[in-house]
Amino acid sequence: IDVRLFMLTITTAMIASFYVGVMFGPEPSPSTLSVNATNVWRELAPRTVEVELKVEEPVEAVDDSMMTEDHEPAGQHLLIDIKNVDSDFLDSEERLADAMVNAVKEGGLTLLSYHCHKLHPAGVSCVGVLLESHISFHTWPEEGVITLDLFTCGDTPLLPTIPKIEQLFGVGGNPITQWSHELRGFRKGSKNKKPHYLDNDSDLGFWIFSPLALHTKKQIVSIHSKYQQIDIWDLLEIDDTPSYEDAKRANLQPGDPRWTTPEVATPDRLLFLDGTLQSLSLSEREYHEALVHPGMFAHANPKHVVLIGGGEGATLREVLKHKTVETATMIELDQMLVEIAREHLPTMSDCSDLVGAADNCFDDDRSNIIYGNGQKWFMDRFGPQPTEKAPDNLFDVLIVDALDPEDEVEVAELLYNDIAFISSMLAGLADDGVIIIQVGTAPNIHDPRADIGVYSRREFLFNMFENHTDVAAMFVYEEAHCGFLEPHSFLVVCKDSSCRERWNGEIDAVDYEIYDRISPTKSEARALVHYDGATHHTYRTPPKAWETVYCRREPTPFECAYRWLDPEMELHDYVIGNEEEGSFKIEWYNNDEDSKVVATVDIPKGSYIMPEHLASSLVVSDKSLNNLRLNTEIVGKGEVKIIEDLLKFIDTNGHASNAEGLGLNYVEVGASFMIREAEEQNDANVGRWVPSHPSGKRPVYSPVYERHRLSFDVFLVATKDIKAGEEIVKYQGVWEE
């Protein structure tokens with residue numbers, strides 16, 4: 001007889017007999033068995049341990065309604081660790097078994113059987129077989145610790161069982177619990193199926209449910225409104241330490257060990273909508289100041305502001321800090337979110353310290369809260385076929401504080417991919433209006449072409465603005481202190497190019513604007529904690545990644561070929577005081593009244609001409625020029641001939657930046673201003689390094705032009721081969737776009 005066949009037959013018969021006995025046999029009563037644990041725990045001294053095995057009443061049949069509808073290979077996994085538990089309880093097999101049975105019952109699960117082992121010298125291990133999967137735990141009585149593992153394949157949520165498990169197993173003085181919840185396995189994706197807000201792509205799962213080693217993880221709100229799931233949690237990590245305010249409140253002194261622990265640290269309060277992180281209480285001011293103020297200061301006098309979204313109230317709070325604001329209209333879809341924010345996120349709508357404002361920003365006389373769909377609201381009033389009367393005043397600033405464009409939800413698709421909606425927003429703005437939009441996670445230099453990657457919706461949004469006739473300028477910037485895992489990005493869209501001058505204001509100019517416009521506080525503390533002139537200076541130039549991804553567009557934008565000087569090209573400069581070391585010399589004629597620049601070496605076409613001198617050009621703003629001209633009109637204030645000569649020199653040797661609306665002029669003060677100008681372009685042998693854009697106008701959005709506008713506005717190259725002894729000549733209209 002084939003031994004393998006014999007063993008297979010015997011095993012099959014044993015399994016069948018056991019199954020029949022369980023299904024049709026008499027109801028068993030709990031029985032006690034004696035087993036030898038020596039082989040299980042070889043590291044322990046050999047001895048026999050009496051262990052009780054309890055077999056509960058089996059389930060007679062499996063109800064299909066208890067299983068997942070799609071029978072997916074997936075489940076929920078709950079891990080719970082509790083310390084500071086009573087040692088006697090942790091060493092009592094009977095009490096622990098009772099707690100396990102009750103925990104299963106409270107969780108709405110079905111226990112098929114379980115058994116426990118009493119260990120030497122102390123501790124208990126138990127495992128229970130569930131209709132849905134299993135539950136198990138192990139205890140360390142001397143340390144007061146129990147670790148529990150619950151896995152189910154059913155649809156019954158496990159999260160509600162956590163408080164009951166804490167109550168059943170956290171017996172003793174002051175138990176501390178750590179827990180983790182994961183969605184396991186593989187779920188079927190479907191375009192028609194909304195992603196689970198606790199799945200692996202969920203911020204709520206990543207920040208709250210998945211981490212086990214957290215000092216504090218406390219649920220404040222979990223409710224489903226008419227429109228979305230709203231969750232608020234308090235979170236404190238094990239390695240968090242006290243903030244400045246925490247230390248003051250706790251009166252921490254040097255040497256206090258609490259400086260390096262989370263004992264007196266304030267938990268961060270996190271808001272999630274449909275599982276997506278919206279804000280963090282400890283860093284929301286950095287986020288909302290970065291969202292609101294750069295664009296608000298890009299407008300000279302914002303009186304009427306409208307917000308789409310922003311139900312927490314923090315965006316409204318920042319808008320109301322501007323003394324110029326007369327009306328602030330907030331259009332929020334979810335009224336429940338606003339009510340919850342008032343109660344559980346009170347600092348976000350707190351205007352009590354602003355002079356002249358209401359205690360709560362929602363109640364301020366300037367605030368007009370409208371509950372409805374922001375997209376529909378604009379389309380009904382400013383769309384191609386309006387059905388509602390538009391407000392008496394057009395808006396100066398529009399702020400979109402909604403979902404990130406990359407969020408895979410229907411609302412984001414409608415909000416960011418509708419050209420009719422974009423047109424209605426622009427139509428609702430005054431001629432010098434500004435739009436501010438938070439546009440999600442910032443890109444990095446490794447991202448693929450934007451229109452085919454994760455951020456394709458954002459790219460489409462940018463394209464719609466770029467190609468819209470009502471848009472004159474666009475600026476993108478990042479803030480890394482918002483509390484999110486990666487820097488967050490924002491977009492400012494201007495209907496008039498004049499905002500470029502304000503956007504590129506110097507640090508002192510922005511600081512003065514803040515002093516002049518931002519409301520004072522009753523406490524005399526600064527109303528802005530993060531945004532100032534120096535912070536804005538970091539926003540003026542888009543980071544490298546934006547340029548890199550922009551230049552991956554197809555076809556490649558024209559200006560991307562000029563992101564750096566060509567290392568293959570030669571550099572030819574004039575050396576003051578030692579012409580033999582340079583490539584040029586100055587020759588004087590007409591009794592030394594006139595001069596010309598002559599090449600002393602052969603200069604190939606494409607070579608850079610006097611780059612060091614041109615890079616040292618004097619930068620003068622339109623405002624400074626205007627002040628100088630006004631000074632020449634002052635009578636009785638002394639000699640103004642010097643100012644007049646300066647203005648004449650600037651008019652002769654200066655040129656305006658080709659960045660429309662920038663309001664800057666570059667004055668050549670090196671040897672380059674001695675280069676003779678020709679009336680005909682064909683008579684010149686040097687020209688601008690970057691030619692005019694093929695379209696005849698610079699694009700309204702280009703990180704390349706924004707990052708390199710100075711070099712684009714001043715550098716010259718040889719437009720043909722120049723022989724030694726030839727005069728250097730430039731076209732008199734060389735700097736015209």
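For the numbers below, each heavy atom of this structure counts, side chains included, while hydrogens, waters and symmetry mates do not.
Put simply, CD on Q228 and CG on L337 are 6.0 Å apart, with the number rounded to the nearest 0.5 Å.
Electrostatic pairing of D392 and K389 counts as a salt bridge here, judged by a charged N lying under 4.0 Å from a carboxylate O. With respect to E339 and R342, no salt bridge is recorded, no charged nitrogen being found less than 4.0 Å from a carboxylate O. Salt bridge annotation for E506-R540: present, with a cationic side-chain nitrogen under 4.0 angstrom from a carboxylate oxygen. A salt bridge does not link E289 to R526: none of the charged side-chain nitrogens sits closer than 4.0 Å to a carboxylate oxygen. Between D713 and R709 there is no salt bridge, since no side-chain nitrogen of the basic residue lies less than 4.0 Å from a carboxylate oxygen of the acidic one. In summary, E660 and R698 do not engage in a salt bridge, as defined by a charged side-chain N under 4.0 Å from a carboxylate O. Ion pair K730/E668 flagged as a salt bridge, since at least one NZ, NE, NH1 or NH2 atom sits closer than 4.0 Å to an Asp/Glu carboxylate oxygen.
Across all their heavy atoms, Q278 and T276 have their closest contact at NE2-O, 3.2 Å. For the residue pair L491 and V439, the shortest heavy atom distance occurs at CB-CG1, 4.0 Å. The two residues G453 and P448 come nearest to each other via the heavy atoms CA-CG, 4.1 Å. Taking each heavy atom of L394 and L429 in turn, the nearest pair found is CD1-O, 3.8 Å. Heavy atoms only, all atoms of each residue included: V397 and P302 are closest at CG2-CB, 3.8 Å.
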Worksheet item: Passes salt bridge (Lys or Arg N to Asp or Glu O under 4.0 Å), R553 versus E459? Steps please.
Response: CA-CA 10 Å; R553 288 182 172 183; E459 177 74 354; 2.8 Å; yes
Worksheet item: Checking salt bridge (Lys or Arg N to Asp or Glu O under 4.0 Å) for the pair R629/D651: CA distance, chi angles, key distance, verdict?
Response: CA-CA 12 Å; R629 292 189 176 96; D651 290 340; 3.4 Å; yes
Fill in: Chi angles and distances behind the salt bridge (Lys or Arg N to Asp or Glu O under 4.0 Å) call for R688, E736
CA-CA 10 Å; R688 282 167 51 188; E736 296 175 1; over 6 Å; no
Discussion item. Is there a salt bridge (Lys or Arg N to Asp or Glu O under 4.0 Å) between R449 and E554? Walk through the geometry before answering.
Written reply: CA-CA 8 Å; R449 205 177 78 208; E554 293 183 3; 3.1 Å; yes
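Heavy atoms of other residues, nucleotides or ligands lying less than 6.0 angstrom from CG of D365 number 12 at most. No more than 12 heavy atoms of other residues, nucleotides or ligands sit less than 6.0 Å from atom NE2 of H481.
Proximity of a side-chain donor or acceptor of H293 to a complementary backbone N or O of I514 within less than 3.5 Å is not detected. Judged purely by atom type and a 3.5 angstrom limit, Y477 uses its side chain to pair as donor or acceptor with the backbone of A290. Under a 3.5 Å cut-off, the side chain of R502 and the backbone N or O of F297 do form a donor-acceptor pair. With E286 contributing its side chain and H530 its backbone, the two residues share no donor-acceptor pair below 3.5 Å.
Of the candidates L618, T652, V619, L618 is the only one forming a side-chain contact (heavy atoms from CB on, under 4.5 Å) with V667.
Using a 30° and 60° split on the angle between ring planes, F378 and F421 fall in the perpendicular class, above 60°.
Among residues two or more places apart in sequence or in another chain, the salt bridge (charged side-chain N to carboxylate O under 4.0 Å, His left out) test is passed with D334 by none.
Within the 4.5 Å cutoff, the side chain of L277 has no heavy atoms near those of the L271 side chain. Proximity of E706 to P703: side-chain heavy atoms (C-beta onward) are nowhere separated by under 4.5 Å.
Aromatic pair F475/F490: ring centres not closer than 6.0 Å.
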